[in-house]
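The sequence lines fix the lettering, A, B, ..., with proteins before strands; numbering per chain opens at 1.
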Number of protein chains: 2
Amino acid sequence: MADPRGDIPELDTIVALRLRQVGQRLTPRRRSLLQILRSAIRPLTIHEILDRGSELAMSSAYRNLTVLEHAGVVNRVITKEDFGRYELAEELTEHHHHLVCSSCGLVRDLLPDVDAERLLNVAMRRAIEQGFAPATHRLDIVGLCADCAAREPA
Amino acid sequence: MADPRGDIPELDTIVALRLRQVGQRLTPRRRSLLQILRSAIRPLTIHEILDRGSELAMSSAYRNLTVLEHAGVVNRVITKEDFGRYELAEELTEHHHHLVCSSCGLVRDLLPDVDAERLLNVAMRRAIEQGFAPATHRLDIVGLCADCAAREPA
DNA sequence: GACGATAATGGGAGTGGTTCTCATCGTCAA
DNA sequence: TTGACGATGAGAACCACTCCCATTATCGTC
């Protein structure tokens, strides 16, 4: 029922707290960046962000996204494309995976199911055995989106 | 017993075939690139490749890695670092996942286990339900490597 | 083995995403 | 109001990567 990207009343409060913990403030620019990311249904590129954000300098966008990422409220998503995409951190939305189209570069969110996540813990445990301290994971399903699959019969 | 990165007698044969299928040849440069990747225990950056490959121009390295990737024998790995890493395609080694250190950027291979793969099949099936045609997947376990964990008590 | 067509190579210039610099502006406390 | 300090924005700088093109190697054919 509740859309995970919908209203999170205390989002500002949470974000302000996180920022304060790393010695940063919640400025108007940062608030509008979060607003833009919150209303998106997929990770956005810098240009998509600038298009939606009025009066936002590119340098400020990059700088603030980095600050927000460091504060743990924004996540930089990496794909096969040669530029980054940004989304709200999972803790502020929901843990999810990505569908990545290898043809057109489209990235779409995919909510995982409970059973799948449980299985993943096994992989985490094996990481620990190797001296690694796992914090989270990234799962991308790579293939062709519906549009590209229709276009490429191969 | 058998090290997955060890000798694969017909590697050249397989690679030559794959290249021919996309209208390319197995040249000395490409052979040496494969040799370098084969002897590595983790995905290599361009600079690591150039350091190990004598007399290899950067433009040729990039061009040939792209050709090899297109032929399906090399895989470009993306991390949080702002440059790519290359490894032999899974079909020539073994399907595996990556441990990615969020602090120092280290990438290490992790052989998957049956349960983890089962999870992925679940995720793939759900991708199909959404009109997506999955071809492969990427699973990264993100956290702190042993060295960074020791350095950062947090 | 020589020749010609075609592809591969390598150096350097070009491209574009991202970061850095710094002068200016805004914010907050006193 | 003032002063200190952080945030902002415009553009320069940076760097991974790609493109261009003259040179060189490869392969089939005579």
Side-chain angles (χ1 to χ4, degrees), chain A residues 12 15-37 43-71 73-87 105 107, chain B residues 12 15-37 43-71 73-87 105 107:
Chain A
D12 278 4
V15 170
L17 176 63
R18 293 280 184 89
L19 283 169
R20 222 173 300 130
Q21 287 172 342
V22 295
Q24 300 283 350
R25 304 189 272 213
L26 178 55
T27 68
R29 290 289 182 253
R30 290 171 189 172
R31 206 185 299 266
S32 79
L33 279 172
L34 292 167
Q35 187 60 41
I36 291 168
L37 293 180
L44 299 180
T45 66
I46 274 288
H47 294 292
E48 289 170 340
I49 291 171
L50 294 181
D51 286 348
R52 299 171 195 209
S54 51
E55 311 295 320
L56 187 53
M58 183 178 286
S59 57
S60 295
Y62 274 116
R63 187 181 339 97
N64 285 323
L65 285 168
T66 303
V67 168
L68 291 169
E69 186 186 18
H70 189 243
V73 295
V74 157
N75 187 26
R76 185 173 195 272
V77 179
I78 48 187
T79 71
K80 280 217 181 280
E81 302 166 314
D82 51 4
F83 43 83
R85 289 179 175 273
Y86 295 86
E87 66 182 3
V107 180
Chain B
D12 277 4
V15 170
L17 175 63
R18 292 282 185 87
L19 283 169
R20 222 173 300 130
Q21 288 171 343
V22 294
Q24 300 283 348
R25 305 189 272 214
L26 178 54
T27 67
R29 290 287 182 253
R30 291 171 188 171
R31 208 186 297 267
S32 79
L33 278 172
L34 293 167
Q35 187 59 42
I36 291 167
L37 293 180
L44 299 180
T45 66
I46 273 288
H47 293 292
E48 288 170 340
I49 291 171
L50 294 181
D51 285 348
R52 300 172 194 208
S54 51
E55 310 297 319
L56 188 53
M58 182 178 288
S59 58
S60 295
Y62 275 117
R63 187 183 340 97
N64 285 322
L65 286 168
T66 303
V67 168
L68 291 169
E69 186 185 18
H70 188 242
V73 295
V74 158
N75 188 25
R76 185 174 194 271
V77 179
I78 48 187
T79 71
K80 280 216 180 280
E81 302 164 315
D82 52 3
F83 42 83
R85 288 179 175 272
Y86 294 86
E87 66 182 4
V107 181

Separation between CG (A:Leu33) and CG (A:Leu68), nearest 0.5 Å, reads 6.5 Å
From OH of A:Tyr62 across to P of C:dT21 the rounded distance in Å is 18 Å
Terminal axes of the helix from C:dG1-D:dC30 to C:dA30-D:dT1 (5 end pairs apiece), angle rounded to 10 degrees, sit apart by 30°
When every non-hydrogen atom of B:Leu19 is compared with those of B:Ala71, the smallest separation belongs to CD2-CB, 3.7 Å
Across all chains, not counting sequence neighbours, the salt bridge (charged side-chain N to carboxylate O under 4.0 Å, His left out) partners of B:Arg63 are none
Distance col, row B:Asp51:CG vs B:Ile46:CD1, nearest 0.5 angstrom, shows 11.0 Å
Taken in chain and number order and not counting sequence neighbours, the residues that satisfy side-chain contact (heavy atoms from CB on, under 4.5 Å) with B:Gln35 are B:Arg38
The first and last nucleotides of DNA chain D lying within contact of chain B, meaning any atom under 4.0 Å from one of its heavy atoms, run from D:dA16 to D:dC27
Shortest non-hydrogen pair, A:Leu37 vs A:Tyr86, comes out as CD2-O, 3.5 Å
Hits for salt bridge (charged side-chain N to carboxylate O under 4.0 Å, His left out) against A:Glu81, two or more places apart or cross-chain, chain-then-number order -> A:Arg85
A correct 5'-to-3' footprint of nucleotides 5-16 of chain C, with B, S and - meaning base, sugar-phosphate only and no protein heavy atom under 4.0 Å, is --SSBBBB----
When rounded to the nearest 0.5 Å, the distance separating NE2 of B:His47 from CZ of B:Arg52 is 13.5 Å
N/O donor to acceptor pairs below 3.5 angstrom from side-chain atoms of residues 20-28 of chain A, sequence neighbours left out:
from	atom 1	to	atom 2	distance (Å)
A:Gln24	OE1	A:Arg30	NH1	3.4
A:Thr27	OG1	A:Arg30	N	3.3

Heavy atoms of A:Glu55 and A:Arg29 approach each other most closely as O-NH2, 3.2 Å
Taken in chain and number order and not counting sequence neighbours, the residues that satisfy side-chain hydrogen bond (donor to acceptor under 3.5 Å, both in side chains) with A:Arg31 are A:Asp12
Note: A:Pro43 and A:Glu48 closest approach over all heavy atoms is O-OE1, 4.0 Å
In numerical order, the residues of residues 77-86 of chain B whose heavy atoms come under 4.0 Å of DNA chain D are B:Asp82, B:Phe83, B:Gly84
